[in-house]
Every structure is written in structure tokens, then in C-alpha cells.
Amino acid sequence: MKTVNSDHAFKATLAFLKKNPWLIEPGKMIDGDESSEPEAIMFIYLMVTEDVYSYDDARPSVQRVVCQLLFDFIAKLVYLEHPLHKKLWTVDQSLPLHLQALQIIVAEIADIHSHNINQNLNNFA
């Protein structure tokens, strides 16, 4: 295990998006997409924990929000004034860079959106 900074997280996330270009294909959000954020967060969580490799049945609004959340994450990593720029994460350095990104992304989802994940998991039960 290794502690990494936002520069490493940025490089890892870019490597992840290069390996999974389908994530950025939906493009920019449109009016009304904001209401799909809880589903989008759940999609990202499931993508990380269950090896999801396509949008499959995800609604277009969910796809656009997922795309936006990933772009937003990358932007926050490089913005000097944002707390994510100063944050550290623990990753398994034996994993390829793109898989280290998943460890970082799921850690952030757990930190920021755990309430939404728990609520959505309860809805599926």
C-alpha cells in the first residue's frame, strides 16, 4: 500500500478514462439531469465494486451525470484551492494505474456520498 497525492490521483483517473472511453461519451448535462445524481452516484459505486464496463440500461440522464461527476472530480484534483487538491489516498501500488483510480474514486464516493449509497442500497433490498 502506498499513500498518493492529487497529482497521482489525477494521472490515475485519466488512465482510467482512457481505458473506459465509454464513460465520457454521453457529453454535457442538460436541464433536468440533476435529479439523476443519486442514481449516477450509485452507478459509479457499482461500477467500482462490481466491475461494470458499460452503461447498459442506465438512463441517458444518469449517463450524463456520471460523465459530469468524473470530469468534476478531475477538475477538483488540479484546482489548487480545492480540498481534494491537498488530499491523500491509500492505494495498492501493485495494481495498474487505472485500477488505482478506482480505489481513489470509491474512497471519495464513500466519504462524500455514503448517505445516497446506503439509501439506494436499501431501495434495492
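Since this is a predicted model, take the numbers as computed values, not measurements.
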Partner residues of T3 under the side-chain hydrogen bond (donor to acceptor under 3.5 Å, both in side chains) criterion, sequence neighbours left out: none
L97 and its side chain to side chain contact (heavy atoms under 4.5 Å, CB included) partner, picked from K18, K19, H8: H8
Interatomic spacing from OG in S54 to CD in Q63 - rounded to 0.5 Å: 9.0 Å
Heavy-atom neighbours of K86 NZ exceed 12 at 6.0 Å: yes
Any R64 side-chain heavy atom under 4.5 Å of K28 side chain: no
Heavy-atom closest pair, residues S61 and S36: OG-OG, 2.7 Å
Listed once per pair and sorted, the side chain to side chain donor-acceptor pair (under 3.5 Å) pairs that draw on residues 69-80, sequence neighbours left out: D72-K76
Working for side chain to side chain contact (heavy atoms under 4.5 Å, CB included), residues L70 and I105: CA-CA 9 Å; L70 291 170; I105 292 167; 4.2 Å; yes
Listed partners of D57 passing side chain to side chain contact (heavy atoms under 4.5 Å, CB included), at least two apart: none
Atom pair CD/CD1 of Q68 and I24 - distance to nearest 0.5 Å: 12.0 Å
Nearest atoms (heavy-atom pairs only) where N5 meets D7: OD1-N, 3.1 Å
Modelled atom types, side-chain donor and acceptor of Q100 and W89, under 3.5 Å: no
Gap separating the CZ atom of F10 from the CD1 atom of I104, nearest 0.5 angstrom: 12.5 Å
Spacing of I44 atom CD1 and T49 atom OG1 [to the nearest 0.5 Å]: 11.5 Å
Whether Q103 side chain and D92 backbone form a donor-acceptor pair below 3.5 Å: yes
pair P60-Y55: side-chain heavy atoms closer than 4.5 Å: no
Residues forming a side chain to side chain contact (heavy atoms under 4.5 Å, CB included) with K2, sequence neighbours excluded: V4, Q93
Qualifying residues under side chain to side chain contact (heavy atoms under 4.5 Å, CB included), relative to A40, sequence neighbours excluded: V62, V65, V66, L69
Distance, nearest 0.5 Å, that separates CD1 of I74 from OG of S6: 12.5 Å
K87 atom NZ, over 12 foreign heavy atoms within 6.0 Å: yes
Exam field: side chain H85 to backbone L77, donor-acceptor pair closer than 3.5 Å: yes
Under the side chain to side chain contact (heavy atoms under 4.5 Å, CB included) test, residues paired with N20 that sit two or more places apart: F16, W22, L23, Y53
